[in-house]
Amino acid sequence: MTIENTIAEHIQNAVSELYQSGIGIDSIVIQETRKEFEGQITVVTFPFTKFSKKTPEQTGAEIGEYLKLHIREVTAFNVIKGFLNLSISDTYWIDQLLNTILDQGFGRFPGNGKKVMVEYSSPNTNKPLHLGHVRNNLLGYSVAEILSANGYEVIKVNLVNDRGIHICKSMLAWALFGNGETPESSGLKGDHLVGKYYVIFDQEYKKQIADLVQKGQTEENAKKNAPVIMQAQEMLLKWEAADPEVIALWSMMNSWVYAGFEQTYTQLGVDFAKYYYESDTYLLGKDIIEEGLAKGVFFKKEDGSVWIDLTEDGLDQKLVLRADGTSVYITQDLGTAQLKYDDFKVDQSIYVVGNEQDYHFKVLFLILQKLGKSWAKGLYHLSYGMVDLPSGKMKSREGTVVDADELMDDMIQTAKERTEELGKVDEFSEHEKDELYNMIGLGALKFFLLKVEPKKRLLFDPNESIDFQGHTGPFIQYTHARIRSVLAKADYKAKISLDHSLELTVLERELIVNLSKYPVVISAAAKEYSPAHIANYVFELAKLFNKFYHEESILKAEDSSVKNFRLDLAAATAATINKGMALLGIRVPSRM
RNA sequence: GCGCCCAUAGCUCAGCUGGAUAGAGCAACGGUUUUCUAAACCGUAGGUCUUAGGUUCGAAUCCUAAUGGGCGUACCA
């Protein structure tokens, strides 16, 4: 039972006793008191005035009096412009800190018996991961962690797009121009090597188009008739026919890519319980088509193609199976959705996919609902905005991308330079240093990407390096290191406070109030699938602690009970920072 | 054409289901270190919350429209 709940209940009683009226719990607005006023919890009195028939000030005073009388923790109140500010006793806040916040499991909810699947990353195997994928991976990983903290059993999966014409493009270019180059022979990471041939394909393709246009073909025809594209298409047909040579090439190049991805994932700190491969799933979904035809959800046109009419739902007619009986994107997604459900019987399934596919998922989910799939209501598209460069959209085939591996290396290198300038960890071993640079560099990157609401598009300027000061990951990591340093000096091991009757300073109280909000933030982040809430909360907390740290001494506190209490407060702050950052996939150092 | 999303300080972003005088960080300027880590802290300056209507005791927040930007509307994935 939180203090807010207690207050809300008593307000209901107050309204019924004082004004002989019933008030719904929903119309009671309780919020944090703004800093400039006395108190910690504020009740908005306007909704009560229609029962009291008095001014907001009078009403607030009456209810304030009632609350003060009936709730032990409410020690004082004031009413300003219709806002009833309540002061809660220091004993309450100290008890909160010592009995709740310092608890190991604080902010971790007990299991709710629900299973949720989070699909994220979903790379193509024809090129390395870029900044856009990084946002996807971090979001997916973080949302999975957040749901887990909220009591869900979480299954992280990756649907790898390992077939199709784009894969054949890199394969063909390698076959034509590769001269047998391998990751070993070139020293290139496998995914980068394959990506290189994807770019080469595109260059060659453009050359051939230009050539044909010069020979008098229209641009449109040239695009269809360029030899390389025809060869790539032929290769795709052979792949589908399981031509041994093509399959061998495909397997070899894919294995290079997977080795490369594995490194990137490890470096990023993300993982998956299961991989799905499109080469296994691309034929799925045809029985769903049959099912839909039987149920009359789909209809067949004369040419044999199968459609669904969604015009009544404000959408269009949508093709679900080609006339020649082959699958389209949505066909296999229908099949894969069924497969994923059959595999795990999850209550919810989240797709972390960019907002360019909003329409696709709207259609997909709607179709599954129309087919009467009971699990369709648990499907959710976590749509996030694209990462753009100042020059516009990133394009792999034109090579205008911010490569994930390079970016991470850059960040770590910058962390190293910055740390060396400060010269605080000179006596660290080489290994410890590397660990630290890694933590800081990636912390900066991850925080940068996660602090923004997923929905919003993100602008990334490669020329303007990501900050290490202010509203950043390293700022928070630094705060944590600072606290750990103090705790180490005091040889702090576990909760030591004994005195629950201290008088708190303004900043101490503010810190505890802030810490006690953590579980609310965690559940809000889950509800909205938004790590940004946590990022901004932890930043707020770190900022507040730094202010406290600067103004009030911990180790040199006026007496030992205050010192012990402040050590507990600092420890609770460090622990909460650590937990919050862990949900973002960011590690925090104990020294930096 | 139609549909979806976005618009807050010079820049990057917060602002919970409507609630008090719209907040941070960066950049700029000024200050703080014989005292627990200055990747910090304090201060100055910076806003018609894109615009116009509407709902309300109360709107950055909800509704309508306009403007600007992004995306989609493929027998690509």
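Residue numbers begin at 1 in each chain, while the letters A, B, ... track the order of the sequences.
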Any pair with a residue in residues 157-169 of chain A that passes salt bridge (charged side-chain N to carboxylate O under 4.0 Å, His left out), sequence neighbours left out, goes on the list, sorted by first then second residue, please.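 Listed once each, the pairs are A:Arg163-A:Glu240, A:Arg163-A:Glu278.
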Salt bridge (charged side-chain N to carboxylate O under 4.0 Å, His left out) contacts in which one or both residues fall within residues 119-134 of chain A, not counting sequence neighbours: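 Sorted pair list: A:Glu119-A:Lys340.
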Can you tell me how the ring of A:Phe201 sits relative to the ring of A:Tyr205, calling it parallel under 30°, perpendicular over 60° and tilted otherwise?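 Rings of A:Phe201 and A:Tyr205: tilted, 30 to 60°.
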Could you check whether the rings of A:Tyr351 and A:Phe365 sit parallel, tilted or perpendicular, using 30° and 60° as the cut-offs?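 Tilted.
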Which part of the nucleic acid, if any, lies within contact of [X], taking any heavy atom under 4.0 Å across all strands shown: a base, the sugar-phosphate backbone alone, or nothing?
{"X": "A:Ala481", "value": "base"}
{"X": "A:Leu321", "value": "nothing"}
{"X": "A:Asp388", "value": "nothing"}
{"X": "A:Glu278", "value": "sugar-phosphate"}
{"X": "A:Phe539", "value": "sugar-phosphate"}
{"X": "A:Arg34", "value": "base"}
{"X": "A:Met386", "value": "nothing"}
{"X": "A:Asn126", "value": "nothing"}
{"X": "A:His533", "value": "sugar-phosphate"}
{"X": "A:Lys547", "value": "sugar-phosphate"}
{"X": "A:Tyr359", "value": "sugar-phosphate"}
{"X": "A:Val44", "value": "base"}
{"X": "A:Phe475", "value": "sugar-phosphate"}
{"X": "A:Thr472", "value": "nothing"}

For residues 444-454 of chain A, please give each side-chain donor-acceptor pair under 3.5 Å, one per line with the distance, not counting sequence neighbours.
| residue | atom | partner | partner atom | Å |
| --- | --- | --- | --- | --- |
| A:Lys446 | NZ | A:Leu268 | O | 2.8 |
| A:Lys446 | NZ | A:Gly585 | O | 2.7 |
| A:Lys451 | NZ | A:His471 | O | 3.2 |
| A:Glu453 | OE2 | A:Ser530 | OG | 3.0 |

One thing to verify: whether [Y] and [X] come together as a salt bridge, which I'm taking to mean a side-chain N less than 4.0 angstrom from a carboxylate O.
{"X": "A:Glu220", "Y": "A:Lys223", "answer": "no"}
{"X": "A:Arg587", "Y": "A:Glu435", "answer": "yes"}
{"X": "A:Lys493", "Y": "A:Asp491", "answer": "yes"}
{"X": "A:Lys206", "Y": "A:Asp202", "answer": "yes"}

Which whole number of Å gives the distance between the [atom1] atom of [N] and that of [M]?
{"N": "B:A24", "M": "B:G43", "atom1": "C1'", "answer": "16 Å"}
{"N": "B:C62", "M": "B:A14", "atom1": "P", "answer": "15 Å"}
{"N": "B:G31", "M": "B:U48", "atom1": "P", "answer": "30 Å"}
{"N": "B:G18", "M": "B:A52", "atom1": "P", "answer": "24 Å"}
{"N": "B:G23", "M": "B:C42", "atom1": "P", "answer": "16 Å"}
{"N": "B:A60", "M": "B:A20", "atom1": "C1'", "answer": "15 Å"}
{"N": "B:C4", "M": "B:C63", "atom1": "P", "answer": "12 Å"}
{"N": "B:U64", "M": "B:C71", "atom1": "C1'", "answer": "24 Å"}

Starting at the 5' end of RNA chain B and moving along, which residue's nearest nucleotide shows up first, A:Asn536 or A:Met592?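 By nearest-heavy-atom nucleotide position, the 5'-most residue is A:Asn536.
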Both A:Leu458 and A:His166 contact RNA chain B. Taking the nearest nucleotide for each, which residue is further toward the 5' end?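 Comparing both residues, the 5'-ward one is A:Leu458.
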First and last nucleotide of RNA chain B touching chain A, 5' to 3', heavy-atom cut-off 4.0 Å?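 That gives a stretch of B:C4 to B:A77.
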How does RNA chain B read in dot-bracket, base by base from 5' to 3', with Watson-Crick or G-U pairs under 3.5 Å and | used when the partner is on another strand? (((((((..((((.....[...)))).(((((.......))))).....(((((..]....))))))))))))....
Does any pair with a residue in residues 23-32 of chain A pass side chain to side chain donor-acceptor pair (under 3.5 Å), and if so which ones, sequence neighbours excluded?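 As it turns out, the side chain to side chain donor-acceptor pair (under 3.5 Å) pairs with a partner in residues 23-32 of chain A, which skip direct neighbours, are A:Glu32-A:Lys517.
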Among side-chain atoms of A:Asn564 and A:Ser497, is any donor-acceptor pair under 3.5 angstrom?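 Result is no, nothing qualifies.
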